[in-house]
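Take a look at the structure below.
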Amino acid sequence: MTQDAVLYPLLPDTNADALERGILAQWDAEKLFEQSQAARANAKPFVFFEGPPTANGRPGIHHVFARTIKDLFCRHRAMQGFYVPRKAGWDTHGLPVEIEVEKELQREEAARQGVDPSEIAKLGGKQLIEQVGVAEFNRRCRESVWKYRGEWEKLSHRTAYWLDYDNPYVTYSHDFVESVWWALRTMHEKSLLVRGHKILPYCARCGTALSSHEVAQGYDDVEDPSVYVALDLLDADGNAPAMRRRILVWTTTPWTLVSNTALAVHPDLTYAELRKKSGAEFTIILAEARVAGVLGGDWADRWDVIGTMKGSDLAGRRYRRPLDWVEYPAEGRHEIIVPEEFVSAEDGSGVVHMAPAFGADDYAAGQRHGLAFVQPVNARGEFVEGTPEVAGLFVKKADARILEVLKERDVLWKASQFMHSYPHCWRCGTPLLYYARGSWFVRTTAMREALLSRNAQVNWNPSEVGTGRFGEWLSNNVDWAISRDRYWGTPLPVWVNDEDPTDIDVIGSYADLAERIGRPLPDDFDPHKPHIDQYTWPAKSGTGTMRRVPEVIDTWFDSGSMPFAQWHYPFENKDIVAAQFPADFICEGVDQTRGWFYSLLAIATTLGDALPNNAHDSAAPYRNVVVNDLVLDAQGQKMSKSKGNVVNPWDVMERHGADAVRLFLVASSQVWVPRRFDENAIRETAGRFLLTFRNVYNGIFAQYANFGWQPSANDPAVADRPALDRWILSRLTRVEAEVNRHLDNYDATLAARRVMQFMDDDVSKWYVRQSRARFYDIDSADNRAAFATLHEVLTVTCRLLAPFAPFITDAVHRALTGTSVHLAPYTREQPTPVDETLETAMDDVRTLAGLAHAARDVADVKVRQPLPSLQCVVPGNVTAVSELGALLASELNVKQVEFVTSTDALVSLEAKANFRTLGKKFGKETPLVAEAVAALGSEQLRPLTAGENITVVAGGVERLIAPDDVAIIRRASGAAVVQENGGYGVALDPTITPELREEGLAREVISRVQRLRKEAQLAVSDRIVLAVSGDEEVLGAVAAHRSRIADEVLAARLLLGDEVGSPFSDNGDGAAWTATHTGDVDGRSIRLALTKDGV
RNA sequence: GGGCCUGUAGCUCAGGUGGUUAGAGCGCACGCCUGAUAAGCGUGAGGUCAGAGGUUCAACUCCUCUCAGGCCCA
């Protein structure tokens, strides 16, 4: 080996972290990402949309997960030759940002006042914000958004998530906001942006509605009233009937009874009418299933059932409301029973009281049935002036008084308390009210069919999300309430005449705004609150002023607008959007189902042909979605700050490297299954695999190829290479196609596993192991074939693996070819054809090798000891397998391998039933026939091997058995050591002749000399002088195999026995030798000594 | 309360259209190899397929229910 000409640099002997950081530095210096983009700039685009993260929180390991998936598909498609634009984006508006800043304000205020921050929190957020001013608050929000930007970018960089961070879209930017305004204006033109009511969880103390995730933070177990009232049913004419009939109604919020307008029953439930056995002055009606629950287990002692009816029979009946404190408005029906599917007989009475102003179900039912809307509660949660008995009382506080009145009026059936989980304000602990509020809506219900049909065109991975979670939600879709009573968000661009609320102007661009106010917008124009609210103008009608509504919009509307807003469409870049809409691929977590996945679809569907390639019956804004699930800790628990089990991605990266982490995350289970993040598992799976991969390159290929091989015309053509080479190349072609197909199908897990399995099982365990000797003998044709083959295998494997483990594959690919793997094509244009027969034969050989090893184990003979013969039985094509006999012979160290067929005396036949075909023919008789078949002997079975039918008697009847109906098993039946499994069998002859004993000893000597060379730290190419002494038998063996031993251990001179001379004295004086060894082989003594030749 | 997912060896996971020794890797035990060596390889022991019913000649696989875990929504 000439040290000055290293053909294949070895990977540095550092840990993965250091290796990867070195590669990153190289990529940065070369601008490899930019290069890879530029190289494909004119190719067909594969469009990827990046779902924007909020940068005001630290990125965690779950972000590494999602980003790995995004990155690997983008890399794959780029390697396939597509242009894959990857514009970064930041989600910058919304409640999480506000909450962060609010908490800061609370801490500052608490410090100023010298109190605990929780005291300040009780005040309610809005007060504090308005104290510092909206301008200052929003300024701080804008700043807060970027708090962790640097860390996001650094982590993306470290994990090799290739994304264009130089030109990101930012949802608060002027351009982005203007595009969002355009979208809202467009929706308004289509009458799809409207004003209405929505029931929202509302904190009366803070004066604000809460978002769902705020609500989720505040669930608490509390004791609430459980109240049954018995209301009088009325006749069709509205009068009370002669015999009172009372319907039982359950509620946990007695204060809402003031606003009752209807009762709901389930149309399919059975309701029972009962009369008391004594003093029957009235009857009561409730769900049959709840009779025992409400009246007690012994109800039958006191009540008679006098009739039953369906809920649908009750629907339409009138009743008298429990309290008549508020006037019903002129519009809307009231005091009527309506059928509703949401009513259940799980608890209560199966009859639900409806107050449309105070519950989502109630409101929806109100809409469906045209019910009256009664709202006697103000924004502070108090009953309004003029309400009898309870005016000015906070609603929850009014419960007690209301119960008293109900009792006085004889409508209270029974009242108790019960524990349940109820949401409270996370800031101040006040119980939330479900409260009807004015709100702006996108009328997505008008688009339901279109949403569903577009969704049906999406390739969801996994498909259940599309049909199940997301599809279900779409079919129960309600209008999207997009307005928020908050501060930091895209302002709703709706101006309303302060004198005439029906006079509405929705502004769709800054130019329009300038036009309305009659002057250009100032240089420091800011579309955010409070700046934007100074713009007003006189109404066209001449009366009133146009003023913007106070709300901002749901931040999901921002992110859902990114397909066009990231390009400031339609004000700029129409051509880009035309080319890059819709997306071919997006990927996010399951939690985005109702988030980004929905907002993208809803906005694109609503905008319709206002976007390019988006006419009415187009596909969704994304064609393929990969949904990933959570990353749990090693125990399967959700990671959370409070549990302290959050994994810091930087620590993990440092210990294992990004390649191992990426590979683990993708390969450990399907990405849409929650995965446990276990560092031991990373080490044992991905880490071990990468080590093997590295060893095959460093330890086998590079080490020996550096003796002088490189690709050349002297390498034998594939057809001329040994079967082993042709086999691994055939495997390679198959794997290449399969992996590519899996990635095309968005199955990253199967793809990763396939490459890993190939590398481990086929390349390392079999190809390299069987080929090792071929790499030593540099420059022979066989050697060239082996190197050329392994070079090809490694190069292609690097490419297949590059999307998953972009670092080590790049290092190895560069070492092999001089170019980056990330600029290489994913698959070869002309792969070696697959050789099916050869692959099957090799499978057979590997199975036989396993059996033969087992046989050696049983015979208790080491592999080093040659044995005379091995007989093999295979179920299939004997000719093909026997070509690989030499391989088996060397693997098992036997002199002769024979393949025997069913005609041999050594083989007996047995039959096993093929239930698949027998079942069809014989049905219930199948087990009988199977038994009869199994009892057949060799002779009876022979015709089947020749393709002829036979008959058997089963259950007293003759049955015709075709060759397909049974599997014939050949069994080796010699006197030798036999192992068999599933039609494969071996018979190993364990006889050790004196000659074989000699050869075994010789191999033993070789083995010990090699070990000694290693101990002496000789280079693999160093020549030695070797001395052997010891037992007679040992010396005889060495003498018999003298030249072979000298050859294998590179001994220039071999001194045997007496030739050794004095230095080998018993006093252990080996000073003249570099290394010596004294031991015994099966009781025969042996002494070895060696020194480097020519020293 | 509703929807969806998951439950197979100690651990992590495979197991088209139901077919009779239920597979792999890791770990473990035993062994091999000793020119990939803080590597490589083989063999083996581990499972009433969460539980209970049902359909079927035949159920890990299909149906129903129950239990446990997870996510989303109320």
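What you see is a predicted model, and the numbers here were worked out from it, not measured in a lab. In the text below, chain A, chain B and the rest are named by the order of the sequence lines, each starting its count at 1. Basis for what follows: all heavy atoms, side chains included, without hydrogens, waters or symmetry-related copies.
B/G69 and B/C32 are spaced 43 Å apart, taking the C1' atom of each and rounding to whole Å. Between B/G44 and B/U6, the two P atoms lie 33 Å apart (nearest whole Å). Going from the C1' atom of B/C4 to that of B/U20 covers 35 Å, rounded to whole Å. When the P atom is used for both B/A50 and B/G16, the distance is 15 Å, rounded to whole Å. Taking the C1' atoms as reference points, B/A59 lies 11 Å from B/G54, given to the whole Å. To the nearest whole angstrom, the two C1' atoms, one in B/U55 and one in B/C71, are 32 Å apart. On the P atoms, B/C73 is 27 Å away from B/U12, given to the nearest whole Å. One C1' atom belongs to B/G19, the other to B/A52, and the distance between them is 24 Å to the nearest Å.
Taking a pair as Watson-Crick or G-U with both hydrogen-bonding distances under 3.5 Å, the stems of three or more pairs touching RNA chain B are B:1-7 with B:67-73, B:10-13 with B:23-26, B:28-32 with B:40-44, B:50-54 with B:62-66.
Of the possible donor and acceptor atoms, none in the side chain of A/Asp782 sits under 3.5 Å from a partner among the backbone N and O of A/Arg774. The backbone N or O of A/Val1009 lies less than 3.5 Å from no partner atom in the side chain of A/Arg1013, so there is not a single donor-acceptor pair. Judged by distance alone, with hydrogens and angles left aside, the side-chain atoms of A/Thr749 form a donor-acceptor pair with the main-chain N or O of A/Val666 at under 3.5 Å.
When distances run from any side-chain atom of A/Arg769 to the nucleotides B/G40, B/U43, B/G35, the shortest one goes to B/G40. Distance from the side chain of A/Leu1050 is smallest to B/G35 among B/C41, B/U43, B/G35. Closest to the side chain of A/Arg864, from the set B/G31, B/G35, B/C33, is B/C33. Side-chain proximity of A/His853 to the nucleotides B/U37, B/C32, B/G42 is greatest for B/G42.
In this structure, CG of A/Asn893 is placed 10 Å from P of B/C33, rounded to the nearest angstrom.
Nucleotide B/G46 is shown with a syn base, its glycosidic torsion being within 90° of 0.
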Are any protein N/O atoms closer than 3.5 Å to N/O atoms in nucleotides 21-25 of chain B? If there are, list each pair with its distance.
residue	atom	partner	partner atom	Å
B/U21	OP1	A/Lys912	NZ	3.4

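Nearest-nucleotide positions on RNA chain B for A/Pro927 and A/Arg1011 put A/Arg1011 closer to the 5' end. Sequence order on RNA chain B of the closest nucleotides to A/Val1049 and A/Lys924 puts A/Val1049 first from the 5' end.
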Determine, for nucleotides 8-19 of chain B in 5'-to-3' order, which nucleotides have protein heavy atoms under 4.0 Å from the base (write B), from only the sugar-phosphate (write S), or from neither (write -). ----SSS--B-B
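We find that A/Arg683 and A/Glu679 are not joined by a salt bridge, their nearest charged nitrogen and carboxylate oxygen being 4.0 Å or further apart.
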